[in-house]
**Student:** 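Would you mind keeping the following structure in view while I ask a few things?
Here is how names work: the chains are called A, B, and so on, in the same order as the sequence lines, proteins then strands, and each is numbered from 1. Any value given below was found using the heavy atoms of this structure, including those in side chains, with hydrogens, waters and symmetry copies removed.
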Amino acid sequence: MTATETRHASTHPMVQIKQVQKYFGTLHVLRGVDLDVQSGEVVCVIGPSGSGKTTLLRCINFLETYQDGRILVDGALVGYRERKGKLAPAPEREIARIRAETAMVFQQFNLFPHMTALRNVTFGPIKVRKVGKAEAEQRGRELLDRVGLADKEKSYPNQLSGGQQQRVAIARALAMEPKVMLFDEVTSALDPELVGEVLGVMRDLATSGGVTMIVVTHEMHFAREVADRVVFMDGGVVVEEGRPTDVLLNPRTDRLRAFLSRFTASGLGPSI
Amino acid sequence: MDVVWDNRFLLWQGLKYTFRLFGVVVVLGTVMGTIFGLGLLYGNRVIRGVLRAYVDIVRGMPLIVTIFLIFYGLSAYEVNFSPFQSIVLALSIFSAAHMAEIVRGSVGSISAGQTDAAKSLGLTFWPRVWSVILPQAGPIMMGPWTNLAVDIFKSTSLAILVSQADFLFSVQKRAIAEREYLAFYLAAIVVYFVCCFAISQAGAWATRRMRVGVAA
């Protein structure tokens with residue numbers, strides 16, 4: 001951090017992504033990504049498949065490594081320690097500590113199948129935050145109620161529909177009281193009729209304020225209604241970003257225009 | 001068959017030895033095999049290389065050869081293991097190699113998303129493996145593990161190669177003494193079958209218990 005930044009440490013962006021480079025072998029997936037997300041901001045990341053948006057999201061909680069650049073969550077460098085201007089791998093404990101602050105909701109839900117819905121939600125707080133069982137269960141029940149699944153606390157994931165599983169997954173992420181919530185195309189694997197219930201929960205979360213959310217999505221109408229900012233990625237870089245109406249209705253670059261045209265012209269999604 | 005019954009005390013001594021050998025080898029093989037299996041999955045290149053070589057070589061050898069290698073190899077290097085210890089070592093090396101593959105296969109079949117979800121909550125490696133991965137891999141492992149346990153039980157009969165007084169040895173000894181081969185070997189078949197069947201049933205019961213809640 002620069003001197004100015006340290007003086008105003010409490011007002012630094014919640015997530016800072018600076019010139020991040022990532023390779024999968026020889027495949028250059030992230031080619032210098034720059035992005036800042038302020039605390040409490042809801043940012044939707046859109047882009048064609050292969051643009052690197054999911055990879056970028058997974059770098060924020062270090063499920064993927066990155067080779068150059070910096071990612072900071074609340075001022076803490078993710079995955080590495082800075083040694084003489086270079087990145088040195090951080091010990092697992094440090095990485096785990098940052099991960100506890102950045103909860104992720106996955107496209108494939110990834111609920112723990114051997115645990116009930118309530119146990120899925122209380123598992124993180126009990127094991128990682130060392131919260132007592134009674135307190136964790138009370139909070140867990142509140143969260144399940146908040147996502148509309150109070151009566152499902154004793155159900156196992158294989159007894160729940162996709163939409164219900166995803167809502168439990170959101171409750172599980174919220175239970176960790178994270179600084180940042182990361183959503184990785186969370187409705188893409190759902191049957192269309194179940195998408196709405198999940199987006200509804202996310203909309204409530206976003207409008208209730210205070211939660212920093214980074215949402216990788218294809219749901220353009222959701223981005224338009226709910227996001228504070230929309231970021232368009234293509235070819236491993238951020239191409240355009242701005243207010244939802246600006247980005248989605250007045251694209252400045254040809255690449256974004258081409259990407260958006262696929263959504264309205266082909267009728268694959270609701271018109272923006 | 002009366003003659004077999006008359007010799008029941010001596011046969012029981014042999015069977016006790018077999019049970020003891022079986023018990024020790026199953027525990028050692030399961031524990032070591034689990035560690036090796038996790039090493040094959042999560043270890044660095046060196047660990048994985050060594051374990052891979054060990055598993056492939058041992059699984060490529062007949063068990064008899066392994067037993068002879070250990071038994072005569074140990075004495076050649078003047079390591080003073082008792083015959084019981086040598087047969088335990090040989091059978092454990094065999095069992096651990098198979099168990100390592102069982103663990104590697106079943107843990108490896110758990111989707112990467114489970115590890116992602118556990119990591120993203122902030123769990124470190126061992127809590128992840130203990131609370132998320134192994135409970136899911138357990139039911140998957142039970143079938144192959146039960147088969148391995150039955151194999152181990154039958155393989156205890158090879159203790160005869162190093163002159164150990166296991167059940168088969170006692171059956172042979174009494175058969176020769178009484179000159180009643182068919183009766184004794186029929187009895188041996190029945191006893192081995194009953195024991196192996198009991199192991200299979202125990203395994204099936206344990207699998208059912210472990211499956212509570214886990215998606216089929």
Side-chain angles (χ1 to χ4, degrees), chain A residues 54 57-58 60-64 79 91-117 119-130 154-160 165 168-169 172-173 175-178 180-184 189, chain B residues 34-35 37-39 41-48 102-103 105-145 203-216:
Chain A
T54 289
L57 201 74
R58 289 169 62 90
I60 296 175
N61 66 352
F62 213 60
L63 288 186
E64 302 287 355
E92 200 190 8
R93 276 174 296 110
E94 260 179 50
I95 298 173
R97 225 176 293 137
I98 295 183
R99 283 182 179 148
E101 307 291 351
T102 58
M104 188 173 244
V105 184
F106 300 87
Q107 185 175 345
Q108 301 297 332
F109 332 136
N110 292 335
L111 289 181
F112 302 128
H114 57 301
M115 300 182 192
T116 61
R119 180 84 183 113
N120 260 277
V121 174
T122 61
F123 179 70
I126 291 175
K127 283 273 174 185
V128 178
R129 295 234 184 268
K130 312 288 187 205
K154 288 196 174 62
S155 300
Y156 284 91
N158 66 359
Q159 297 168 315
L160 301 173
Q165 288 186 55
V168 174
R172 175 175 68 174
M176 293 300 288
E177 298 184 328
V180 184
M181 285 193 69
L182 306 169
F183 294 83
D184 186 6
Chain B
T34 303
I35 295 171
L38 292 176
L41 283 165
Y42 301 117
N44 62 39
R45 217 174 282 156
V46 173
I47 294 177
R48 269 183 289 142
I102 291 172
V103 168
S106 40
V107 172
S109 73
I110 307 294
S111 88
Q114 289 296 303
T115 303
D116 281 348
K119 277 182 181 173
S120 75
L121 287 175
L123 273 99
T124 49
F125 179 75
W126 284 111
R128 278 202 307 268
V129 170
W130 185 254
S131 301
V132 174
I133 301 298
L134 284 183
Q136 295 184 54
I140 300 175
M141 277 195 260
M142 281 310 293
W145 182 87
W205 171 85
T207 310
R208 278 194 300 275
R209 282 214 49 189
M210 285 173 102
R211 279 206 186 279
V212 178
V214 181

**Student:** If you define the side chain from C-beta out and look only at heavy atoms, does anything of A/M176 sit under 4.5 Å from B/S120?
**Tutor:**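 The answer is no; the side chains never approach within 4.5 Å.
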**Student:** Against chain B, label A/F112 side chain, backbone, both or neither, depending on which of its atoms sit under 4.5 Å from a heavy atom there.
**Tutor:**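 For A/F112, heavy atoms of backbone and side chain both lie under 4.5 Å from chain B.
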**Student:** Kindly compute the distance separating CD1 (A/I126) from CG (B/L121), expressed to the nearest 0.5 Å.
**Tutor:**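 Between A/I126 CD1 and B/L121 CG, I get 12.0 Å after rounding to 0.5 Å.
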**Student:** Could you grab the distance from atom CD of B/Q136 to atom CE of A/M115, nearest 0.5 Å is fine?
**Tutor:**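 The CE atom of A/M115 is 8.0 Å from CD of B/Q136, to the nearest 0.5 Å.
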**Student:** To the nearest 0.5 Å, tell me how far B/T124 OG1 sits from A/E94 CD.
**Tutor:**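 Here the rounded value is 13.5 Å.
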**Student:** Can you say whether A/L182 sits under 4.5 Å from chain B via the side chain, the backbone, both, or neither, judging by heavy atoms?
**Tutor:**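 The answer is neither part of A/L182.
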**Student:** Identify which part of A/F123 has an atom lying under 4.5 Å from any heavy atom of chain B, answering side chain, backbone, both or neither.
**Tutor:**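 For A/F123, the contact with chain B is made by the side chain alone.
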**Student:** Count the heavy-atom pairs under 4.5 Å between each of B/P127, B/S111, B/A118 and chain A, then report the option with the highest count.
**Tutor:**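 Option with the top pair count is B/A118.
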**Student:** Please enumerate all residues that pass side-chain hydrogen bond (donor to acceptor under 3.5 Å, both in side chains) together with B/K119, with sequence neighbours excluded.
**Tutor:**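 Checked B/K119 against side-chain hydrogen bond (donor to acceptor under 3.5 Å, both in side chains); zero matches.
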**Student:** Determine whether a donor-acceptor pair (N or O, by modelled atom type, separation under 3.5 Å) exists between the side chain of A/E92 and the backbone of B/F125.
**Tutor:**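 Yes; judged by distance alone, with no hydrogens or angles, the pair exists.
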**Student:** Working to the nearest 0.5 Å, report the span between CG of B/D116 and CZ of A/R58.
**Tutor:**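 These two atoms lie 4.0 Å from each other.
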**Student:** Where on B/T115 is there a heavy atom nearer than 4.5 Å to chain A: the side chain, the backbone, both, or neither?
**Tutor:**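 Nothing of B/T115, per the 4.5 Å heavy-atom cut-off to chain A.
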**Student:** I need the full list of salt bridge (charged side-chain N to carboxylate O under 4.0 Å, His left out) pairs touching residues 131-140 of chain B, with sequence neighbours left out, sorted by first then second residue.
**Tutor:**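 Applying salt bridge (charged side-chain N to carboxylate O under 4.0 Å, His left out) to every pair that reaches into residues 131-140 of chain B, excluding sequence neighbours, yields nothing.
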